[in-house]
*Asks:* 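Below is the structure I would like to discuss, written out as structure tokens.
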Amino acid sequence: MIGQNSDTVTFEMKLSKPKLGLNERLRVDFIMNRDGDNFNPPDFTGFKVVMGPSQSISSSWINGVRSYSKSYSYTLAPTSRGKFTIKQASIVIGGETYKSLAKEVEVTAAVDKPSDQMTADDVADENLHLVAEISKTNPYLNEAITVIYKLYVSPNISVSNYQPLDNPTYNNFWSQDIKVNALSAQNGTYKGKPYRYVILKRVVLYPQKSGKLDIEPLSLDVTVDVPSSRRNFFGQRMYDQTNKTVSAGKRIINVKPLPLENQPADFNGAVGDFDFAVITSKTSLNASESLQATVEVSGKGNLKLFKLPELELPSALEVYEPEFTEGVRTTLAGMQGKVSNQYTIVPSFRGKYPISPLNFSYFNPSTGKYTTLTSDEIVINVLEGPLSASANAAQNSNNQKQSIITSGDQFNFIKLNPDLTSKSVSYFFGSTSFYIWLLCPLLLIPLAIVFRKRRDSLAGDVVGNKIRKANKLARKYLSAAKKELGNKESFYVALERALHNYLKAKLKIETSEFSKDKITELLTEKQIDDATVNSFIDLLKNCESARYSPFSNVQMQADYDKASEVISKMDKQL
């Protein structure tokens with residue numbers, strides 16, 4: 001199927017030649033201009049598959065126009081002479097099934113000199129592979145998984161250079177890259193054959209959503225040196241150089257939700273294997289002195305992705321905002337270390353004050369069960385200082401007790417003046433309230449007239465209504481992000497989701513699956529001005545950068561205000 005413009009999906013079969021000898025090879029390419037799934041090749045009746053399928057991807061931007069090509073290639077050897085038909089192949093692209101056209105091939109008697117010796121591209125396709133190795137494909141929510149990208153190179157070829165074309169963004173995952181200090185070739189096997197491989201990228205992922213999640217492919221442009229049959233003046237073998245695009249392919253992770261059965265009421269999202277403790281710097285002190293109480297969780301798991309339990313103290317103890325401390329390192333095994341909140345406590349009065357035990361619950365994916373840890377009760381003994389107001393009152397009442405003196409007169413005189421008031425019955429009809437309620441409808445008529453004029457005035461203010469509607473829409477989509485101001489990771493996740501949800505609602509498409517370039521193209525087609533489009537894309541870039549860079553509260557507030565302004569501007573133009 002061949003399209004007439006850039007928006008049309010194309011899927012076609014190309015043959016290296018329509019006629020070949022029995023001792024020659026036939027290359028068959030199935031080429032498409034959009035990424036697809038469920039590729040189904042023909043059965044190649046009359047031929048034997050020598051190599052394939054090999055997959056290649058090409059993507060480029062020229063003068064603002066995106067060019068994309070993906071192909072599946074086979075090398076075939078004929079099994080007999082005659083005319084054969086390479087039947088249709090099919091693939092699903094965008095939910096639609098596309099089929100290639102069948103083509104005929106004639107196989108003749110063997111020729112003296114085959115003309116289809118494998119090209120450098122053919123050799124590179126069969127000897128170069130990019131693989132994404134995933135530690136676990138069915139983790140629990142917030143359980144760590146590791147993705148290692150390996151480039152396998154056959155001893156028959158060599159790689160002189162490479163550069164990334166498309167890096168995955170890991171949507172719906174918390175991600176942390178593990179730095180690869182140096183590329184070191186190691187010996188290994190790929191599909192049972194000896195290969196050398198290098199580790200190009202390592203990343204630790206924590207899924208933030210249950211269900212089937214996609215890990216986008218990593219694509220590389222690799223410069224490959226392929227030995228040829230030619231030799232130079234000194235008899236050394238000459239090499240042909242070619243550039244190949246290799247992709248690790250999209251992978252699907254099936255994330256299991258955390259079980260609801262036996263889930264503790266105080267569970268706060270901690271997944272891993274942890275220890276929990278509440279520690280005080282001292283338990284005896286004088287009033288106005290200070291002590292530190294530390295709530296600490298240590299171990300292995302999603303240490304950066306949950307909140308610590310809050311310390312509960314008696315009201316007589318003055319406590320300051322806790323200081324958060326994080327000592328976490330991320331390795332291929334996931335996050336390890338400890339996080340803690342340190343509270344500064346200052347007692348004002350003398351006495352003994354208990355700190356109630358705290359509970360911390362977590363889910364252990366190794367056992368598939370919840371565990372609840374409880375801290376010990378701690379008693380703070382304030383030795384010297386003033387007594388509290390209640391203690392003073394109790395002490396004064398004890399000190400000021402007096403004996404009761406009875407009067408000689410055992411009875412008081414009977415009151416001769418009773419000070420009685422008369423009871424009168426008031427009726428509603430004819431009362432002041434009756435006439436007020438009677439005149440109320442007449443008084444409301446002028447108010448109704450003023451209200452109607454005001455409503456008509458607002459209805460006629462088209463520009464003002466658009467502005468108010470746009471501002472209300474911005475507040476609606478950004479409400480979740482506003483609640484997370486000050487919490488960098490949660491804020492930017494909510495902000496990115498709000499931006500994509502806004503486009504989803506306005507454009508009726510899932511923009512979370514699109515690149516920033518595609519979003520720019522869509523907004524430009526909707527005639528959104530360039531300044532607004534650039535501001536929208538900058539916000540998306542900030543959301544991605546926030547995962548790896550420190551962002552201040554001032555920067556978060558600025559991004560929130562900018563997002564509100566951008567959504568308002570876009571809504572007036574869409």
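Below, each value reflects all heavy atoms present in this structure, side chains not excepted, and no hydrogens, waters or symmetry copies.
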*Asks:* Verify, without hydrogens or angle tests, whether Glu326 (side chain) and Lys304 (backbone) share a donor-acceptor contact under 3.5 angstrom.
*Replies:*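 Checked: no pair found.
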*Asks:* With under 30° as parallel and over 60° as perpendicular, where do the rings of Tyr152 and Tyr190 fit, or are they tilted in between?
*Replies:*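 If you compare the ring of Tyr152 with that of Tyr190, the planes turn out tilted.
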*Asks:* Flag yes if more than 12 heavy atoms outside Gln186 fall under 6.0 Å of its CD atom; otherwise flag no.
*Replies:*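 Yes - once you tally the heavy atoms of other residues, nucleotides and ligands closer than 6.0 Å, there are more than 12.
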*Asks:* With no hydrogens and no angle check, just 3.5 Å: does a side-chain donor-acceptor pair link Asn127 and Ser154?
*Replies:*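 Indeed, the side chains of Asn127 and Ser154 share at least one donor-acceptor pair under 3.5 Å.
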*Asks:* With no hydrogens and no angle check, is any side-chain donor or acceptor of Arg251 less than 3.5 Å from a backbone partner on Ala132?
*Replies:*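 A pair under 3.5 Å: yes.
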*Asks:* Tell me whether the count of non-hydrogen atoms from other residues, nucleotides or ligands lying under 6.0 Å of NZ in Lys562 goes above 12.
*Replies:*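 More than 12 heavy atoms, drawn from other residues, nucleotides or ligands, come within 6.0 Å of this atom.
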*Asks:* Please check: side-chain N/O of Thr108 versus main-chain N/O of Leu20, any donor-acceptor pairing under 3.5 Å?
*Replies:*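 Yes, the answer is positive, given that a donor and an acceptor are paired below the 3.5 Å cut-off.
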*Asks:* Please determine whether the number of non-hydrogen atoms from other residues, nucleotides or ligands lying under 6.0 Å from atom NZ of Lys369 exceeds 12.
*Replies:*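 Not more than 12 within 6.0 Å, no.
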*Asks:* Can any side-chain N or O of Asp166 pair as donor or acceptor with the backbone N or O of Ser219 at less than 3.5 Å?
*Replies:*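 Not at all, since once roles are kept as given, no pair shorter than 3.5 Å links the two residues.
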*Asks:* Is there side-chain contact between Asn167 and Leu218, with heavy atoms separated by less than 4.5 Å?
*Replies:*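 Of all side-chain heavy-atom pairs linking Leu218 with Asn167, at least one is under 4.5 Å.
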*Asks:* Between the side chain of Tyr370 and the main-chain N/O of Pro259, is any donor-acceptor distance below 3.5 Å?
*Replies:*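 At least one qualifying donor-acceptor pair exists.
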*Asks:* Donor-acceptor pair, Lys103 side chain versus Met13 backbone, under 3.5 Å?
*Replies:*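 Yes.
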*Asks:* Does any non-hydrogen side-chain atom of Arg196 lie less than 4.5 Å from one of Asn187?
*Replies:*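 Asn187 vs Arg196: side chains touch.
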*Asks:* Could you check whether atom NZ of Lys14 has more than 12 heavy atoms from other residues, nucleotides or ligands sitting under 6.0 Å from it?
*Replies:*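 Result for NZ/Lys14: open.
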*Asks:* Just to verify, which of Phe267, Phe274, Tyr206 counts as forming a ring-ring contact (aromatic ring centres under 6.0 Å, His included) with Phe306?
*Replies:*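 The ring-ring contact (aromatic ring centres under 6.0 Å, His included) with Phe306 is passed solely by Phe274 among Phe267, Phe274, Tyr206.
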*Asks:* What I want to check is whether the side chains of Arg27 and Ser73 have a donor and an acceptor closer together than 3.5 Å.
*Replies:*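 Indeed, the side chains of Arg27 and Ser73 share at least one donor-acceptor pair under 3.5 Å.
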*Asks:* I'd like a table of donor-acceptor pairs (distance under 3.5 Å, sequence neighbours excluded) in which one partner is a side-chain atom from residues 530-538, with atom names and distances.
*Replies:*
from: Thr532; atom 1: OG1; to: Asp529; atom 2: OD1; distance (Å): 2.8
from: Thr532; atom 1: OG1; to: Asp529; atom 2: OD2; distance (Å): 3.0
from: Asn534; atom 1: ND2; to: Asp530; atom 2: O; distance (Å): 3.2
from: Ser535; atom 1: OG; to: Ala531; atom 2: O; distance (Å): 3.0

*Asks:* Do we see a donor-acceptor contact under 3.5 Å between the side chains of Gln55 and Ser247?
*Replies:*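 No.
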*Asks:* Is there a side-chain contact between Glu96 and Val9, using heavy atoms and a 4.5 Å cut-off?
*Replies:*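 Not in contact.
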*Asks:* Start with the C-alpha distance between Leu76 and Val49, add both sets of side-chain angles, then the distance that settles side-chain contact (heavy atoms from CB on, under 4.5 Å), and finish with yes or no.
*Replies:* CA-CA 5 Å; Leu76 308 179; Val49 177; 3.8 Å; yes
*Asks:* Do Tyr98 and Phe11 have their ring centres less than 6.0 Å from each other?
*Replies:*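 No, they do not, as the ring centres are separated by 6.0 Å or more.
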*Asks:* Apply side-chain contact (heavy atoms from CB on, under 4.5 Å) to Phe84 and Phe44, showing your working.
*Replies:* CA-CA 9 Å; Phe84 301 94; Phe44 300 117; over 6 Å; no
*Asks:* Identify the residue among Pro257, Pro365, Ser210, Pro207 that makes a side-chain contact (heavy atoms from CB on, under 4.5 Å) with Tyr140.
*Replies:*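 Between Tyr140 and the candidates, side-chain contact (heavy atoms from CB on, under 4.5 Å) is satisfied uniquely by Pro365.
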*Asks:* How about Phe30 and Pro42: do any of their side-chain heavy atoms sit closer than 4.5 Å?
*Replies:*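 Counting from C-beta outward, Phe30 and Pro42 do come under 4.5 Å.
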